[in-house]
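Computation of the quantities below employed the complete heavy-atom set of this structure, encompassing side-chain atoms and omitting hydrogens, waters and symmetry-equivalent molecules. Ligands are counted one by one from 1 in listed order, and the atoms in each one are counted from 1 as well.
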Amino acid sequence: MMTVNNDSDRTSPTGSSKAWGGRFADVPDARLEAFNASVAFDVRMIREDIRGSIAHARMLGACGIIAPDEATTLERGLWQVLDEYDRGEFALTIADEDVHTGVERRLREITGTVAGKLHTGRSRNDQVANDHRFWARRQLVLVADGLVAFGEALLTLAEQYPEAIMPGYTHLQRAQPVLVAHHLQAYVEMLLRDLERVRQAWKRTNVLVLGSSALAGTSYPIDREMVAQDLGYEGITMNSLDGVSDRDFVLDALYACSLIGMHISRLSEEIILWSSGEFRFLELADRFSTGSSIMPQKKNADIAELGRGKSGRLYGNLMAMLTIAKGLPLAYNKDMQEDKEGLQDSFDTILALLDVFPPMMQSARFNVDVMAAAAVADFTLATDAADVLAKQGVPFREAHQVIGSLVARCIAEGITFADLSDEQWADIHPVFAEERPPVDVWTSVSSRNIIGGTAPDQVEATRAGQHVALLEARYWVVDRLRVDNQLFERNA
Ligand code: ARG
């Protein structure tokens, strides 16, 4: 292996160190360098950049485009760059411009001129698209991992309250009683859809772009299938122009993150409401709560407030990328460099949320008595009363009228349904002489015994299905991470 630092492959008359320096008569202005450079953020894809180059070098050697020993030298040198980076011995600089040229610069320092052969049949345009997909697909798997953990935490909480009942709301007005578990499991349904979305995004991301080269493909007899297999991609892009300029995969991920953030913000709002003195449904663990610097009595749900607020930046990143991509002519444009920071921020944000929400939820406690009292207040069993009439043949609209007037009468007299005697019920409607409407929430909840309803048996059955779906997703995550990790084993 050559170790000399040989710069003879630079052709710039100005001595510019830029990969594109040859055609320029002057060195770049320092302000251009600072403005143009992407090293500050594309360094996060350095592992993928190096591993992608290793696959490219192997393929160039296997196809006889470079000599086999050159391919070996490049591969060894690239692993060394990765080791040096991991040990903190190699860092990118602004002058490197981006991670791709930075890695190649270090490779040249290690291997000498042969490093100049690595970029054969390749362009930074397909290289950056490859790095970004390679990096994003792993982040998507990590998000899926977090979603599974969150779903399981909510199910664990639901299992601790199999019989707890709360008011269900519409318009934030008490509507009908539901099981607390049913309410929690509604969020698990959202998370399962999020998992599906993340996996769909992963599928569209997991496609090899390399070989598109700058825009038109390449005249070298490269083997794209070989590279795809080496890097664990499931498919290959079929149009070089589209390959280098498609950022749909970024948008898929940003949208998936936005929806996860939206679901977390809805749950957050409920946590905040339930933790208030007005509701008192929920008590967050002290270790997941904050206080006030001035009001000694305060206990705040800061995590939930941040969970509600984070959707702002998630939507912002999505809107930014939609705007960046709009109206861009084919193929690569430098605008596309703007695709990275937003996605990094969205992934960081979602992973941080999915780190803290599961333990916060699992350590929370419900005030079941307060919830049960609220569940029966404000005539939440009025629909059940109307249903008793309708089931005996009274048209539902008429039943609705009868019970509506009864509610108005009770409100005026300051009583509830439970205060009415058998005689009073019989006066309200002859059907009630035979059958009194339920006055306890348990009867009401148990009667909603259809698939998707809030009856305890149904809720338990649904929960079992959710466990299975989460477990299946967990297997997928473990499998994907295993494949991804294997790519970084030497001589893999
Ligand atoms: N830093 C660039 C990006 O993120 C890499 C691709 C540069 N390609 C080019 N033709 N200048 O998009």
Legend entry - salt_bridge(R105, E109) N-O dist < 4.0 Å: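 The answer is yes: the pair qualifies as a salt bridge.
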Inset, instruction - May I ask you to decide whether E472 forms a salt bridge with R199, counting only side-chain N to carboxylate O separations under 4.0 Å? - result: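 A salt bridge links E472 with R199.
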Inset, instruction - Just let me know how E97 lines up against ligand 1, side chain, backbone, both or neither, with a heavy-atom cut-off below 4.0 Å. - result: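 Neither; nothing of E97 gets under 4.0 Å from ligand 1.
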Inset, instruction - With heavy atoms under 4.0 Å as the rule, classify the contact between Q127 and ligand 1 as side chain, backbone, both or neither. - result: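 Within the 4.0 Å criterion, Q127 makes no contact with ligand 1.
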Starting from [atom], which protein heavy atom do you reach first, and at what distance in Å?
atom                    : answer
atom 3 (C) of ligand 1  : Y332 OH, 3.3 Å
atom 1 (N) of ligand 1  : Q337 OE1, 2.7 Å
atom 11 (N) of ligand 1 : R124 NH2, 3.7 Å

Inset, instruction - Look at the aromatic rings of F281 and W274 and report parallel, tilted or perpendicular, splitting at 30° and 60°. - result: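 Tilted: the ring planes of F281 and W274 meet at 30° to 60°.
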At a 4.0 Å threshold, what atoms of ligand 1 neighbour a non-hydrogen atom of [X]?
X    : value
N125 : 8 (N), 9 (C), 10 (N)
S38  : 1 (N)
K340 : 3 (C), 4 (O), 12 (O)
D98  : 1 (N), 5 (C)

Legend entry - Matching residue for R204 among D246, D252, D248 - test: salt bridge (charged side-chain N to carboxylate O under 4.0 Å, His left out):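 Of the listed options, the one satisfying the test is D252.
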Legend entry - Cationic tip of R47 above F488 ring, under 6.0 Å, 45° of axis: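 Yes, cation above the ring, under 6.0 Å and within 45°.
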Legend entry - Heteroatom proximity flag, H100 to ligand 1, N/O under 3.5 Å: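 By distance alone, the answer is no.
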Inset, instruction - Answer yes or no: is there a donor N or O on one side and an acceptor on the other, between the side chain of K299 and the main chain of L284, under 3.5 Å? - result: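 Such a contact is found between K299 side chain and L284 backbone.
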Legend entry - Separation between CG of D345 and SG of C257, rounded to the nearest 0.5 Å: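 The SG atom of C257 is 9.5 Å from CG of D345, to the nearest 0.5 Å.
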